[in-house]
There are 2 protein chains.
Amino acid sequence: MFSKATEYGIKAIIYIASQSMLERRVKIGEVVEHIDSPVAFTAKIVGALVKVGIVQSITGPYGGFYIDRHRMDQIKMIDIVTAIDGDSIFNGCGLGLKECDDEQPCPMHYKFVQIRADLKDMLNSTSILELAEGLKSGKSILMR
Amino acid sequence: MFSKATEYGIKAIIYIASQSMLERRVKIGEVVEHIDSPVAFTAKIVGALVKVGIVQSITGPYGGFYIDRHRMDQIKMIDIVTAIDGDSIFNGCGLGLKECDDEQPCPMHYKFVQIRADLKDMLNSTSILELAEGLKSGKSILMR
DNA sequence: TTTATTTAAGATAAAATTGTCTTAAATAAA
DNA sequence: TTTATTTAAGACAATTTTATCTTAAATAAA
C-alpha cells in the first residue's frame, strides 16, 4: 500500500510525537530502536519531514527530533504520506493510464473512486496526536 | 496501489476477454498494442496467468491467448491480483509490522481494516466479464 | 577554543522490480 | 518433413527503491 519509506516515516513520526508529549527530544538512534528500521535510511526520511515542517530538529549534543505539541492535532497522516510518496496513490489511475477520468475512464475507474476517497478521508482525518496517544496508552505498538 | 506487473496483467486479461467474446484468439503483440505495455514483460505476466488457469493459450501459428467464455464471470479481479502480487495488500500490516492484529495492533490498524475490506470486496465481486463488457461497449478504455 | 555529539547532505551500494533478449518447444501449413 | 509462427522459459540488463557510508555543519560542554 505505502512504500517502505512512508511506513518508516509514519512510525518515526508517531514515536517522536509520543515522546514529545513527555517533553523529550529523541535522537535518531532511539527512534529506530523503537520502530525497527534502518538508521541511515530513516534519518534521511525524517530529515525530509523536517524540511517540510512536520518535525523539528536540533543539531549537536542534547539535540534530536521533536514535534510542537500544539501542532500535533493539526498534522494529519495525509501530510506525511504525500510528503514522502506524493499524491499518486489518490490521484493516479489504478491501472496506470496516464489520464483517466469520468469522461474516458479505465475499466476499473468507478470501482476505485469510492475506495480511494475513503482512504483519503481516513488519512485526512487521522492526526499524529491521535495515533501517538494510542501508542502512549499501550493500545497500539510500533514493533514486535 | 498495484505493481506494474499487476496493472499490465489486469489490462491484458480484460483485452483478451473482450476479444474472446468475439471468438477471437489474440497474439501477445496484439495485446500490448491495445494496452500500451512492454511486450516481453507482458508475455511473462500473461504466461504466469496461463499457469494458474486464468487464461488459456495455444502455441504455434494461429495460436494465441483466449479465455473460456463461460468462465469469464467466475474469474474475479482478486484472482488476478493475488496471482501476481500475492495477498499482502489485503493481509499485511499497513505499517509493515511482521504481525499486526486486533490483540496487538499497529497505530493505524483499525483505520485500515475497513478500507482493506472494501478493497477486497470490490475485487472479489468484480468479474472479468463485467470489465470486458464495459470495454467492448466503449464505456471504458485501456489506453490513451 | 577544543572536543564530542548530533543532524544534514550527498555519494555509493545492495536489493527488488521492471524490462529485454535469446533459445527452446509446440504446432500448423506448405 | 521442412518452414514459419507463436508461446514458454530463463538468462541478462536497466531502473527504481531501499539501505549504507562518508563527510560536513551545527552546537553544547569542558
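Note that the structure is predicted; figures quoted are calculated from it, not measured. Atoms considered below: every heavy atom in the structure, side chains included; atoms not considered: hydrogens, waters and symmetry mates. All chains are named by letter (A, B, ...) in the order of the sequence lines, taking the proteins before the strands, and each is independently numbered beginning at 1.
Scanning for side chain to side chain contact (heavy atoms under 4.5 Å, CB included) contacts around H109(A) gives C100(A), D102(A), P105(A), C106(A), V113(A), with sequence neighbours left out. Remark: K4(A) pairs with E7(A) by the salt bridge (charged side-chain N to carboxylate O under 4.0 Å, His left out) rule, at least two apart or across chains.
Closest heavy-atom contact between M1(A) and I89(A): O-CD1, 3.7 Å.
Look at E133(B) and K139(B) and you find no salt bridge, because none of the NZ, NE, NH1 or NH2 atoms lies under 4.0 Å from a carboxylate O. For the pair K120(B) and D87(B), the salt-bridge criterion is not met [side-chain N within less than 4.0 Å of a carboxylate O].
The main-chain N or O of S3(B) is found under 3.5 Å from a side-chain atom of D85(B) such that the two form a donor-acceptor pair. For Q56(A) (side chain) and D68(A) (main-chain N/O), a donor-acceptor pair under 3.5 Å exists by modelled atom type. Of the possible polar contacts, none joining the R144(B) side chain to the L97(A) backbone as a donor-acceptor pair under 3.5 Å is found.
No continuous path of hydrophobic side-chain contacts links V31(A) to M143(A) [ILVMFWY only; heavy atoms under 4.5 Å].
Between Y66(A) atom OH and dT6(C) atom P the separation is 16 Å, expressed in whole Å. Across the protein-nucleic acid pair, F65(B) atom CZ and dT6(D) atom P stand 12 Å apart, rounded to whole Å. Spacing between atom NZ of K4(B) and atom P of dT17(D) amounts to 11 Å, rounded to whole angstrom units. Atom CZ in F2(A) sits about 16 Å away from atom P in dT17(D), given to the nearest Å. The interatomic distance linking K51(B) (NZ) with dT7(D) (P) rounds to 17 Å, in whole Å. Regarding Q56(A), its CD atom lies at a distance of 17 Å from the C1' atom of dT6(C), rounded to whole Å.
A distance of 3.5 Å separates CZ of R25(A) from CD1 of I58(A), quoted to the nearest 0.5 Å.
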- Query: Taking only Watson-Crick and G-U wobble pairs with both distances under 3.5 Å, what dot-bracket line describes DNA chain C, where [ ] shows pairs that cross earlier ones and | shows pairs with another strand?
  - Reply: ||||||||||||||||||||||||||||||
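Near DNA chain D, defined here as any heavy-atom distance below 4.0 Å, the residues from residues 14-44 of chain B are V26(B), K27(B), I28(B), K44(B), listed numerically.
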- Protein-to-nucleotide contact annotation, 5' to 3' order, nucleotides 24-30 of chain D [B base; S sugar-phosphate only; - none; under 4.0 Å, heavy atom]: --BBBS-
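Considering only side-chain N and O atoms, Y8(B) lies nowhere under 4.0 angstrom from the phosphate OP1 or OP2 of dT18(C).
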Could you pull out all donor-acceptor pairs under 3.5 Å where a side-chain atom in residues 13-22 of chain A meets a protein atom, sequence neighbours excluded?
unit_1: Y15(A); atom_1: OH; unit_2: E30(A); atom_2: OE2; d: 2.6
unit_1: Y15(A); atom_1: OH; unit_2: H34(A); atom_2: ND1; d: 3.3
unit_1: S18(A); atom_1: OG; unit_2: Y15(A); atom_2: O; d: 2.7
unit_1: Q19(A); atom_1: OE1; unit_2: R24(A); atom_2: NH1; d: 2.6
unit_1: S20(A); atom_1: OG; unit_2: I16(A); atom_2: O; d: 3.1
unit_1: S20(A); atom_1: OG; unit_2: I67(A); atom_2: N; d: 2.9

